[in-house]
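For clarity, every value in this text was computed on a predicted model and none was experimentally measured. Note that the numbering runs from 1 along the sequence shown for the chain.
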Amino acid sequence: MKQLDTLLQDAVATGQLLPASRTNINLLLSGTTSPIAAAAIAELAEHGEWNELNDRFYKTLAFGTGGLRGRTIGSIVTSAEQGAGGPNGRPEFPCIGTACMNYFNVGRAMQGLIIYVKRHVASQGTDRKPRIVIGHDTRHFSRDFAEYCAKIATDLGCDAYLFDAPRATPEISFAIRELNADTGIVLTASHNPAHDNGFKAYFDDGAQLVPPHDKGVIDEVNRLASEAYEPLPADLRGTLSELGAKFDRIYMDRLKSITLQPGLFSNGGAKVVYTNLHGTGGHIIVPLLREIGCDVATVASQDIQDGRFPTVKSPNPENSEALTLAIDQANASGADIVIATDPDCDRMGVAVREASGNMRLLTGNQVGSLLAWYRCKTMTELGWINDATRSHAVMIKTFVTSQLQDAIGHRYGIEVVNVLTGFKYIAQKLGKYEEAIPAAKRSNYRTMTEEATRALRLEYSRFFVFGGEESYGYLAQDFVRDKDANAAALLFAELAAYAASIGKTIPELLDELFSEYGVHLEMGKSLVMEGADGAAKIAALAKSYVSSPMTEVHGMKVVAVRDFTKGDMYDEEGDPIPPSDMIFMDLEGGYSFAVRPSGTEPKIKYYFFGKGNPGEDVPSSMNAVQVTLDALWKDVEADAVRRTNNA
């Protein structure tokens, strides 16, 4: 049997193993404390599994729109990784690789974050210990990683707050602000497949890392060659505190304060079937909705917190299949709405009952548009937004979210600010608005009521009415700085109660919006390319649109190209938009589409936008717009295949 070094050298020479993979294998082997690393790599090499080794080692993990994400269970599980096995059918150990989620990467990420945060705290002229909040979802290894990170934190002189069980990602964002912590992390891969996990990092404002902090942290991570560290002397270490039901109560009470017309629930709320898709959402959403008066039933088979997500193909509420069991239960029980959240409960999908009795799935764009409209309308009727305050009200959405929301905001005289994909950019705006309030008046901002902070923002800064992204993420409060499906479920229940109070269904409300503003339809498509080879193809395909954008699609000329890669664009408030791998192509007739590689999944994404005219027959207009969108995708997909084959 050849020695491992010889096997790897020969594989590089024959083109089976990427040079970068060989470099990263050496990086991991020289720095890991794992007793199984060498055994797992040797097993794959001896069996000639070079594609698997390339997929695991072609890169080192870097922060994207969702922090670190990667496989924690390989496509091939080695006997060393399988070990004695773990709970829910997982291997005993996470998969070995610099592109994977394992103790090597999690340990280095946690240490790098601590190094950066310690320096930041010290720069404020204090010698106190940094405070770190740690949460996790129900995925494989999530609890293991969370406890590991808590130990690193306390060993290195930080006070850590660890939730006692799986919690929704937005509650961790809230906890950072509520506890005045300096940073926080969540071990989650959101809606990704079961074999993935991730490390999502936040800063002291409760928002995900943005420049310069993201680069600062990753620079520190990259300086670390090993997950090994030397614990501080016992008297310099931090403390570990547990967060549980008492903290949940604080969060739930704050959530209740974002309803606009709580009296709507006095006659009974909506009849809801809810599913957390084996994740964290039921912990807050179910008692919250019941407390305000909703009749809530859950899908028993999906209540079980299981990182395999055994009852669905994908734990993603964007996929209609994930709501099948809930819809079946709603039809059997006569429930009005179905609500589903992803494993870390930051995304929400819904189905609603039509006047005909059928259940209708709504897209993320449609849910966001309905919530935006209801909040704009109601805040105006309540007098919060009036001629004196309107210029201080704002909605925030991503560029790839429905233009219907722009139209709604503008109709109410509210500015709509468009930002890049990633809720961290929405949160960055919220931080800007908070900082714009005079310092003396915001000294206790985080402990103020919603009414008090709203008054300050409407007088001195900008009041956040609503924000969201097409991928089923929504936010209506600034005491959380990430998308919040706990809050979204509450908002949607209020919308349902409002619809019932005026004798209408939610689909009827949506059709009224389409009649008033014109039908707006959007369509998302993706091309999936996994592994090292796929990553290279995605990068080449994305670059091809910059160097050679399409000039015509389905007979429609491209009348404008918005190239976000140059970094020379500004948003509606005059703030510079960071460079991003996204291209928008605007077509004749009001249609457009965008292209961007995903920051968290092995795919390149396409977003199509089309609209009809106000006052048109809604069903006919919807059909015409959809036919055109389908035709556009057919041409764009064929063009993408040609570009990939010619690369």
Verify the ring-centre separation between [Y] and [X]: is it less than 6.0 angstrom?
| X | Y | answer |
| --- | --- | --- |
| H120 | F203 | yes |
| F464 | Y433 | no |
| F145 | Y103 | yes |

Task: Nearest heavy-atom neighbours spanning D137 and P343 - done: CB-O, 4.0 Å
One thing to verify: whether [Y] and [X] come together as a salt bridge, which I'm taking to mean a side-chain N less than 4.0 angstrom from a carboxylate O.
| X | Y | result |
| --- | --- | --- |
| E459 | K441 | no |
| R128 | D182 | yes |
| D205 | R177 | no |
| R442 | E434 | no |
| K432 | D575 | yes |

Open item on the list: Does E637, at its CD atom, have more than 12 non-hydrogen atoms belonging to other residues, nucleotides or ligands within less than 6.0 Å?
Closed with: yes
- [ ] Let me know which of W633, F584, F608, F609 forms a ring pair (Phe, Tyr, Trp, His ring centres under 6.0 Å) with F593.
- [x] F608
Just verifying a value: how many Å separate [X] [atom1] and [Y] [atom2], rounded to the nearest 0.5 Å?
| X | Y | atom1 | atom2 | result |
| --- | --- | --- | --- | --- |
| T72 | D196 | OG1 | CG | 8.5 Å |
| T23 | Y58 | OG1 | OH | 15.5 Å |
| N192 | S598 | CG | OG | 7.5 Å |

Open item on the list: When you compare the side chain of Y425 with that of P578, does any pair of heavy atoms fall below 4.5 Å?
Closed with: yes
Using residues 533-545 as the side-chain source, report each donor-acceptor pair under 3.5 Å to any protein atom, sequence neighbours left out, with the distance given to one decimal.
from, atom 1, to, atom 2, distance (Å)
D533, OD2, K537, NZ, 3.3
S544, OG, L541, O, 2.6
S544, OG, R643, NH1, 3.1
Y545, OH, Y606, OH, 2.9

Task: Option among K483, K424, K397 that satisfies the salt bridge (Lys or Arg N to Asp or Glu O under 4.0 Å) test with E469 - done: K483
Open item on the list: Walk me through whether S142 and N197 qualify under side chain to side chain donor-acceptor pair (under 3.5 Å).
Closed with: CA-CA 7 Å; S142 281; N197 211 322; 3.0 Å; yes
